[in-house]
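Read the structure below first, then the notes.
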Amino acid sequence: MSTEQTTTTTNFLRTIVSDDLASGKHQSVVTRFPPEPNGYLHIGHAKSIFLNFGLARDFGGRCHLRFDDTNPVKEEAEYIESIKESVRWLGFNWGEHLYHASEYFEQLYQWAEHLIRQGKAYVDDLSPEQIKEYRGTLTEPGKESPFRNRSFEENLDQFQRMRAGEFPDGAKVLRAKIDMASPNMNLRDPVMYRILHAVHPHVGDTWCIYPMYDFTHGQSDAIEGITHSICTLEFESHRPLYEWFLENLPVPAKPRQYEFARLNLSYTVMSKRKLQELVNTDLVNGWDDPRMPTIMGLKRRGFTSAAIRTFCERIGVGRSDAWIGYELLEECVRNDLNENAIRAMAVLHPVKLVIDNYEEDKTEFFEVANHPVKHELGTRKILFSREVMIDADDFMEHPSKGFHRLTVGGEVKLKYAFVIKCTGMVKDEHGRIIELHADYDPGSTNGPVTSDGRKIKGVIHWVSASDAATVEVRLFDRLFSDPNPDRGGADYRQFLNPESLKTLLNCRVEPALLDAVPGQSFQFERLGYFCADEKDSQPGKPVFNRVVTLRDTWGAKN
RNA sequence: AGGGGUGUGGCCAAGCGGUAAGGCACCGGAUUUUGAUUCCGGCAUCCCCAGGUUCGAAUCCUGGCACCCCUGCCA
């Protein structure tokens, strides 16, 4: 069972695909998800994955996973594996269609020579600084390079020698001969190839010249028969170039590029550069730190892939810059886990409560449901005894108005057990409450009602002091304290939330929780959803990550 | 006169000349051994602004305004 919606709201891309299929322009839709293996995938990529694979799935087409690996100095094999794992975990399958742009390098090279022969590409000896100078500015046209009009024979010879490794990095580039005065900067003789004596994570040292993104992407799409090449808005001004290469090359197909707005999520950063920096400077514990917006971070935190899919569905797809509140993501996991997570009781900040009128050595078991609605999830027995642990938050010496949990002289229901009345408290020399005393009402096991029929408002969770296990719980909060850490010129790191991780070493839980399997999620009643950490849990010694708290309308107002 | 985009309730988002879908948030109220869940009900006379065309416009035209992207041998 899943909470996923089966209805798919439409968007402009679905409309385009649907129209293209209806008009017969395409027999079937072929999309692709083209990550560069230079980091871990994040929630923004999930939007793209959901879009591309979702389109293919819903219109009976296919979606390729293609590594856009044209820059060996930034790419690593480790990232290739993490990307595959992320896509798979999100529930999508590329089947046989796994590709690498680097596998097209020979074809791309031949096409580059083709452009040279047509007089549409040339080898430029200008330095990077000079190229920048010659490019002009947004409001002024650029100047043509003095090498722009070499003969095609010379260009071909130069280019072949570039490939042969005769020149050092940066000595020369191959450029498309388009228009140095174009108002679109991307058309001012864009660089097609640069010299990079670097080992490539997929094709090793077979090349020392590497094609640029613009000279690779469209042709790769054409080779694979991609019908709809979907990318983010910042590539919009590259589209004329994408089309220029396809028009000037003998490619087997003419894919079309469409752009959509990338995801912006509040209270986090999404650029790979910044995520990489957080990892490298140990501001977080790796790419899969549970506070990271990476797919692997969310997974480890305890988000389910179904929740992420629901999130992607709900945020929609458009062309206007979208800012999504982090709360929506949280709401999506709550939805899934509320329906599917087994309940258990856990006390995060334990305070001992002694029930004075309960016989000293007596114990009893209560059989309770593992889920309040889905009874097919079974029941379990929990031990009750004279001493129980309750959460410090559930007692107030000086209750604020509206507080209906425990106070001295007040009554509260110990969930699934008895109504108790607090008779007193014991403080240590610092004035901290270390023990509470209470009397119980033996006839109050049936609901939050006393034996004389009075309804009790407060219901709190507890755990028997005698058999409760002690575990570590990690309370995570948003990584940044500002909704937009990227805002303004300020360094996003100044907005890091110092309280994004609180480690609690002395939490008391139902003993059965000791058998939690890594990755398993629970609802700790009245607190939130928690997941046994995949990495740090040991057999019999789980570490729990708080995925998200329960909604708390009372707490939110106080 | 650089070019390219975008502007629909707090946040997303349908709508494509016929009189403002949906989700989230929010506000009521019911149920509830989780102040959770669930459940009912409410929530834009108005679509960035100003003109114009039309019987009729968020949708067409004109002129403004705001925001985003583009000057990597990154993708």
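The sequence lines fix the lettering, A, B, ..., with proteins before strands; numbering per chain opens at 1.
Distance OH (A/Tyr242) to C1' (B/A75): 15 Å, rounded to an integer number of Å. We find that CZ of A/Phe12 is positioned 11 Å from P of B/G15, with the value rounded to whole Å. Between A/His238 atom NE2 and B/G5 atom P the separation is 14 Å, expressed in whole Å. Counting to the nearest Å, the P atom of B/A75 and the CG atom of A/Asn186 are 13 Å from each other. Straight-line distance from the CD atom of A/Glu140 to the C1' atom of B/G3: 15 Å, rounded to whole Å. Rounded to a whole Å, the CZ atom of A/Arg239 is 13 Å from the C1' atom of B/G3. Straight-line distance from the CD1 atom of A/Ile178 to the P atom of B/C70: 19 Å, rounded to whole Å. Look at CG on A/Asp69: it is 15 Å from P on B/C74, rounded to the nearest Å.
On the P atoms, B/U45 is 29 Å away from B/A30, given to the nearest whole Å. Taking the P atom of each, B/G5 and B/G9 are spaced 23 Å apart, rounded to whole Å. Of the C1' atoms belonging to B/C69 and B/U62, the separation is 27 Å, rounded to the nearest Å. As rounded to the nearest Å, B/C49 and B/C65 have P atoms that lie 15 Å from one another. When the C1' atom is compared between B/A25 and B/G10, the two are found 7 Å apart, to the nearest whole Å. Separating the P atom of B/C47 from that of B/U59 is a span of 9 Å, rounded to the nearest Å. Separation of the P atoms belonging to B/A57 and B/C61 is 15 Å when rounded to the nearest angstrom. Comparing the C1' positions of B/A14 and B/A58 gives an interatomic distance of 12 Å, to the nearest angstrom.
Syn is the classification of B/G72, since its glycosidic angle stays within 90° of 0.
Stacking is not found between A/Tyr213 and the pyrimidine-like six-membered ring of the B/A75 base under the 5.5 Å centre-distance and 30° plane-angle cut-offs.
Using a 4.0 Å heavy-atom criterion, one finds that A/Glu525 contacts the bases of the nucleic acid, with or without backbone contacts as well. Nucleic acid contact class of A/Arg405 (heavy atoms, under 4.0 Å, all strands): base. Within 4.0 Å (heavy atoms only), A/Arg343 reaches at least one base atom of the nucleic acid. Residue-level contact check: A/His404 touches the bases, meaning some heavy atom is under 4.0 Å from a base atom. A/Ile195 comes within 4.0 angstrom of nothing in the nucleic acid, heavy atoms only. Note on A/Pro372: a base of the nucleic acid sits closer than 4.0 angstrom, heavy atoms only. Within the 4.0 angstrom heavy-atom criterion, base atoms lie near A/Leu126. If you check every strand for non-hydrogen atoms under 4.0 Å, A/Phe235 touches a base. At the heavy-atom level, A/Ser266 lies nowhere under 4.0 Å from the strands shown. If you check every strand for non-hydrogen atoms under 4.0 Å, A/Val368 touches nothing. Heavy atoms of A/Val191 sit under 4.0 angstrom from primed sugar atoms or phosphate atoms, though from no base atom. Across all strands shown, A/Thr137 has heavy atoms under 4.0 Å from base atoms, whether or not it also approaches the sugar-phosphate. A/Lys172 comes within 4.0 angstrom of no nucleic acid atom, judged by non-hydrogen atoms across all strands. Residue A/Lys455 is in sugar-phosphate contact alone, with no base atom involved, counting any heavy-atom pair closer than 4.0 Å across all strands shown.
Distance check, rounded to the nearest 0.5 Å: CG of A/Leu126 to CZ of A/Arg175 gives 6.5 Å.
The aromatic ring centres of A/Tyr213 and A/Phe235 sit less than 6.0 Å apart. Between A/Trp462 and A/Phe384, the gap from one ring centroid to the other is short of 6.0 Å.
A salt bridge is absent between A/Asp393 and A/Arg526: the closest approach of a Lys/Arg side-chain nitrogen to an acidic carboxylate oxygen does not fall below 4.0 angstrom. Using a 4.0 Å cut-off between charged side-chain N and carboxylate O, A/Arg256 and A/Asp20 make no salt bridge.
Across all strands shown, B/C24 is found opposite B/G10 as a Watson-Crick or G-U wobble partner, with both distances under 3.5 Å.
A cation-pi arrangement is found for A/Lys172 relative to A/Phe167, the charged atom lying closer than 6.0 Å to the ring centre and inside a 45° cone about the ring normal. With a 6.0 Å cutoff to the six-membered ring centre and a 45° limit on the axis angle, A/Arg32 does not count as a cation-pi contact of A/Tyr99.
Positionally, the nearest nucleotide of RNA chain B for A/Thr15 lies more toward the 5' end than for the other of A/Thr15 and A/Pro211. Each of A/Gly325 and A/Gly458 has a nearest nucleotide on RNA chain B; the 5'-most of these lies closest to A/Gly325.
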Item to check | A/Leu265/A/Leu329 under side-chain contact (heavy atoms from CB on, under 4.5 Å): CA gap, chis, key distance, verdict | outcome: CA-CA 9 Å; A/Leu265 233 205; A/Leu329 219 204; 4.1 Å; yes
